[in-house]
Amino acid sequence: MARKVIIDCDPGIDCAVALCMAVFEPELEVTAVTAVEGVVSADRASRNVQAIIEHLDPPRYPRIGAATPLETAPAVEYRHQYGDDGMGNVGLRVAELHHRRPSDKIICDEVRAAPEEVTLITLGPLTNVAHAFQRDPDLAGIVNRIIIMGGSVGGIGNVTAAAEFNMFYDPLSAQQVFRSPTTKTLIPLDVTRKVAITLSLVDQLPEETTAAGSLLHKVITFAFRYFHQKHGQESIFLHDVVALTAAVHPELFEMVEMAGDVETRGELTTGATVFDRRSNHVERANTEVAVNVDAAAVRDYIVRALRRAGDCTR
Ligand code: RIB
């Protein structure tokens, strides 16, 4: 039976690609897609989520949640890396937002409707999950699991020297989720960076005549151009896509139980994830952390999932 999941995301190119895979994945029943502010503003994240889902027009429509602006948001240059719309100026028709429901409310409703069955896959800052846990304090105990893209075990960040973007953008929420009793799986940068995606992916994408293919060709081509111009790199990282893969194929990842937390106010380290790996502290482990991955198998799965998205959107 397909697993019920909610995808919480801030699209963003890699979120957009992850959504293309998720909504046509037979192993998953995507009951909701909830927008969160992050690489794009709250309003843009909400519009992008709705525009992507309408463009893909999946057979089973997920509920859609709107993001709420984050008052404590830091200014980050990182935000503008993927064009004005955060998706490589793809020009998706920006849908009118109807029936705007806050993302955290939708998370509460969906988890309450199926206690212990719903997995949250978070591909952006943890704002909505923390708000949902505040709105309904018992919720953390009835979520099946949270799979979080974020953090760094080795301490090398991407938005600052020490912090990964999703943790840095809203460290208070991230800390709250880390300290919650929910079962957590973390897919950190150390592992997502092992899955370099090369230009050969472009040749394997679905035809541009399909709805998924037209979106994927535009956003992925933009990402290759950006990484090349900005970093001189021939390959790209699709962090969120690797995290989504962990939800479908956990056997491709090596996991270790660790005691993890998030720094909320360091002068240089705000948003850094800290793991206590002292051998005598293992009993305090609160998170399953990916430490290695079969990168070739993940890349194969990505191609299969994207081609399926093409087949479903002819
Ligand atoms: O640091 C990588 C994360 O930042 C990914 O979730 C990506 O979508 C961006 O939000």
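Residue numbers run from 1 in the order of the sequence given. When reading the values below, keep in mind they use all heavy atoms of this one structure, side chains included, and skip hydrogens, waters and symmetry mates. Ligands are counted one by one from 1 in listed order, and the atoms in each one are counted from 1 as well.
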Part of V159 within contact of ligand 1 (heavy atoms, under 4.0 Å):
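Answer for V159: neither.
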
Which pairs pass salt bridge (charged side-chain N to carboxylate O under 4.0 Å, His left out) with one or both residues in residues 224-246, sequence neighbours excluded?
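Non-adjacent pairs meeting salt bridge (charged side-chain N to carboxylate O under 4.0 Å, His left out): E77-K230.
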
Please identify which atoms of ligand 1 are closer than 4.0 Å to at least one heavy atom of [X].
{"X": "M149", "result": "2 (C), 3 (C), 5 (C), 6 (O)"}
{"X": "N158", "result": "1 (O), 2 (C)"}
{"X": "D14", "result": "5 (C), 7 (C), 8 (O)"}
{"X": "V39", "result": "9 (C), 10 (O)"}
{"X": "H239", "result": "2 (C)"}
{"X": "N166", "result": "3 (C), 4 (O), 5 (C), 6 (O), 10 (O)"}
{"X": "D240", "result": "5 (C), 6 (O), 7 (C), 8 (O)"}
{"X": "E164", "result": "1 (O), 2 (C), 3 (C), 4 (O)"}

Electrostatic pair D311-R307, nearest N-O below 4.0 angstrom:
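Salt bridge: no.
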
Going by heavy atoms in the side chains, are [X] and [Y] under 4.5 Å from each other?
{"X": "V90", "Y": "D85", "result": "yes"}
{"X": "V5", "Y": "T31", "result": "no"}
{"X": "D14", "Y": "T192", "result": "no"}

Ligand 1 and L123, any nitrogen or oxygen pair closer than 3.5 angstrom?
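In this structure, L123 places an N or O atom under 3.5 Å from an N or O of ligand 1.
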
How would you list, by chain and number, every residue that makes a side chain to side chain donor-acceptor pair (under 3.5 Å) with E251, sequence neighbours excluded?
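Here the qualifying residues are H249.
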
Any side-chain to backbone donor/acceptor pair from N48 onto M87? Under 3.5 Å, distance only.
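No.
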
